[in-house]
Trainee: 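Handing you a structure now.
These figures come from a predicted structure and were not determined experimentally. Both ligands and their constituent atoms are indexed starting at 1 by order of listing. Values below: every heavy atom of this structure, side chains too, minus hydrogens, waters and symmetry copies.
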Amino acid sequence: MPVPVFESPLLRMPRLGLGTWPMLGAECQASVETALGLGYRHIDTAERYGNEAPVGAAIRAAGLPRDEIFLTTKIWHFIEQQTATQDLPSFRAAFDRGLERLGLDYVDLLMVHWPSPRMDLPMVLDGLAALRASGLARAVGVANFPAGLLAQALARDVVPLAAVQVEHHVYLAQERLLALTRPRGMALVSYAPVVKGKVLEDPVIRRIAQKHGATPGQVALAWLLAIPGVAAIPKAAGAARQAENFAACDLVLDAEDMTALAGLPKDGRTVNPPFAPDWAA
Ligand SMILES: NC(=O)c1ccc[n+]([C@@H]2O[C@H](COP(=O)([O-])OP(=O)(O)OC[C@H]3O[C@@H](n4cnc5c(N)ncnc54)[C@H](OP(=O)(O)O)[C@@H]3O)[C@@H](O)[C@H]2O)c1
């Protein structure tokens, strides 16, 4: 089955992509090249990952038409320790440096990587709006915004936010965010979608995998892909796991599977750094 595509007036994006953190340098470039060779057409990077250069090099080396690849990057911005980029020109400069590292003419999706209590939200939205208007970022969005903060950003109506990227998987629901994104045609991009391999040990997921002749990782990804408006970006360094995750697009879970997976605890956040926002906000 081909990779399903998220499509709305705001965004067209393959619903399965490749995460690239924490790969660096030649390993990262080789991994992205392998993924593109397997058919991946959605790649996720960020300024903070330190791998925009190898990701861009892999995209250029693949020789595919640029418009066949969906590339996301993120500006590391507005956390407590970093205040230097708190104005529009430096926001723009941070983006320009990323584009230069990528060696590309534009990105498909630009996100602010994390919010912070000291964030100047109107300025961030103006910065995203300007980059979207320039065409250098075809779409813009935010990552790690809790629902309350996303609602505030949307209420300002400065720029159409096309996506939010957050941790989301069989152990962590994101219903409040989905209630905001779905009616607006925004995508919810799920990071840590195979819970960094933790799903391998889960008896419920293993049983479902066995029933379908699939793997636990594929079950975790198929669960996400069954949710309308959701995309997933599993990171896998090597070809075997990349192919395994890609094939999750072929796995259709039945009602009994979905009920069993719905019964797993849904409050299992794994990414919660000291600068994280109040997730309940
Ligand atoms: N916006 C943010 O703040 C944010 C935060 C975290 C992550 N992300 C993005 O989301 C991507 C994915 O998240 P993540 O890397 O934290 O977690 P993840 O994709 O759930 O897990 C990746 C880890 O699980 C292993 N793995 C991959 N597929 C597997 C499978 N089918 N079965 C078992 N293990 C498997 C990988 O190992 P191998 O590589 O050795 O195969 C890797 O160690 C990141 O790479 C990054 O691009 C964004």
Trainee: Is there a nitrogen or oxygen of V195 sitting under 3.5 Å from a nitrogen or oxygen of ligand 1?
Mentor: yes
Trainee: Identify the protein heavy atom lying closest to atom 47 (O) of ligand 1, giving its residue, its atom name and the separation to 0.1 Å.
Mentor: D44 OD2, 2.7 Å
Trainee: Output the distance between atom CZ (R138) and atom CZ (F70), rounded to the nearest 0.5 Å.
Mentor: 11.0 Å
Trainee: When you measure from atom 27 (C) of ligand 1 to each heavy atom in K235, M23, M111, K198, which option holds the nearest one?
Mentor: K235
Trainee: Starting from atom 6 (C) of ligand 1, what is the nearest protein heavy atom, named by residue and atom, and what distance separates them?
Mentor: Y191 CD1, 3.3 Å
Trainee: Heavy-atom pairs closer than 4.0 Å: do any link ligand 1 to the side chain of L221, the backbone, both, or neither?
Mentor: neither
Trainee: Under 4.0 Å from ligand 1, counting heavy atoms only, is it the side chain of H169, its backbone, both or neither?
Mentor: neither
Trainee: Can you check whether L180's main-chain N or O pairs, donor with acceptor, with R184's side chain at less than 3.5 Å?
Mentor: yes
Trainee: Could you tell me which atoms of ligand 1, counted from 1 in the order shown, lie closer than 4.0 angstrom to a heavy atom of T20?
Mentor: 45 (O), 47 (O)
Trainee: Which residue owns the protein heavy atom closest to atom 29 (C) of ligand 1, what's the atom, and how far is it?
Mentor: R241 CD, 3.2 Å
Trainee: Looking at every heavy atom in both E33 and A61, which two are closest together, and how far apart are they?
Mentor: OE2-CB, 3.6 Å
Trainee: Please say whether Q218 places an N or O atom under 3.5 Å from an N or O atom belonging to ligand 1.
Mentor: no
Trainee: Nearest 0.5 Å please: distance from the CG atom of L251 over to the CG atom of D257.
Mentor: 8.0 Å
Trainee: Are the side chain of N51 and the backbone of P54 linked by a donor-acceptor contact shorter than 3.5 Å?
Mentor: no
Trainee: Judging by distance only, is a nitrogen or oxygen of V194 under 3.5 angstrom from one on ligand 1?
Mentor: yes
Trainee: Does any N or O of ligand 1 fall below 3.5 Å from an N or O anywhere on T215, backbone included?
Mentor: no
Trainee: Are any of the N/O atoms in G238 less than 3.5 Å from those in ligand 1?
Mentor: no
Trainee: As an exercise, identify every atom of ligand 1 less than 4.0 angstrom from a heavy atom of P234.
Mentor: 19 (O)
Trainee: Any ring pair (Phe, Tyr, Trp, His ring centres under 6.0 Å) involving residues 182-214? Give me the pairs, sequence neighbours left out, ordered by first then second residue.
Mentor: none
Trainee: For atom 8 (N) of ligand 1, what is the nearest protein heavy atom, given as residue, atom name and distance?
Mentor: Y49 OH, 3.3 Å
Trainee: Between the side chains of Q242 and S31, does any donor sit under 3.5 Å from an acceptor?
Mentor: yes
Trainee: So if I count the atoms of ligand 1 from 1 in the order they appear, which ones are less than 4.0 Å from some heavy atom of G217?
Mentor: 31 (N)
Trainee: How far is atom 12 (C) of ligand 1 from its nearest protein heavy atom, and which residue and atom is that?
Mentor: I233 O, 3.1 Å
Trainee: Tell me the contacting part of K196 for ligand 1: side chain, backbone, both, or neither, using a 4.0 Å heavy-atom threshold, strictly below.
Mentor: both
Trainee: Please check if the side chain of E167 supplies one atom and the backbone of R269 the other of a donor-acceptor pair under 3.5 Å.
Mentor: no
Trainee: Using heavy-atom distances, let me know which of A46, S31, A192, G19 sits nearest atom 13 (O) of ligand 1.
Mentor: A192
Trainee: Between D108 and R66 (salt bridge meaning N to carboxylate O under 4.0 Å), is one present in this structure?
Mentor: yes
Trainee: Please collect all ring pair (Phe, Tyr, Trp, His ring centres under 6.0 Å) contacts where either partner lies in residues 214-243, sequence neighbours excluded, each pair once.
Mentor: H168-W223
Trainee: Under 4.0 Å from any heavy atom of Q165, which atoms of ligand 1 are there?
Mentor: 1 (N), 2 (C), 4 (C), 8 (N), 9 (C), 48 (C)
Trainee: With heavy atoms of L200 as the reference, note each atom of ligand 1 found under 4.0 Å away.
Mentor: 33 (C)
Trainee: Relative to the heavy atoms of N245, which atoms of ligand 1 are at a distance of less than 4.0 Å?
Mentor: 27 (C), 28 (N), 30 (C), 31 (N)
Trainee: Is L136 reachable from M111 through a run of I, L, V, M, F, W or Y residues, each pair having side-chain heavy atoms under 4.5 Å apart?
Mentor: yes
Trainee: Flag yes if M23 and L36 sit in one hydrophobic cluster, no otherwise; membership is Ile, Leu, Val, Met, Phe, Trp, Tyr, and two members link when side-chain heavy atoms are under 4.5 Å apart.
Mentor: no
Trainee: Using heavy atoms and a threshold below 4.0 Å, how should the contact between P22 and ligand 1 be classified: side chain, backbone, both, or neither?
Mentor: neither
Trainee: To the nearest 0.5 Å, how far apart are CD1 in I75 and CZ in R48?
Mentor: 14.0 Å
Trainee: Give the C-alpha distance, both sets of side-chain angles, the deciding distance and a yes or no for ring-ring contact (aromatic ring centres under 6.0 Å, His included) between Y49 and H113.
Mentor: CA-CA 11 Å; Y49 302 166; H113 206 146; 5.6 Å; yes
Trainee: Give the numbers and elements of all ligand 1 atoms closer than 4.0 Å to a heavy atom of A237.
Mentor: 38 (P), 39 (O), 41 (O)
Trainee: Between K211 and E256, is there a salt bridge with N-O shorter than 4.0 Å?
Mentor: yes
Trainee: State the atoms of ligand 1, each with its element, that fall below the 4.0 Å cut-off from a heavy-atom position in G197.
Mentor: 24 (O), 33 (C), 34 (N)
Trainee: Considering only non-hydrogen protein atoms, determine which one is nearest to atom 3 (O) of ligand 1 and report residue, atom name and distance to 0.1 Å.
Mentor: N144 ND2, 2.8 Å
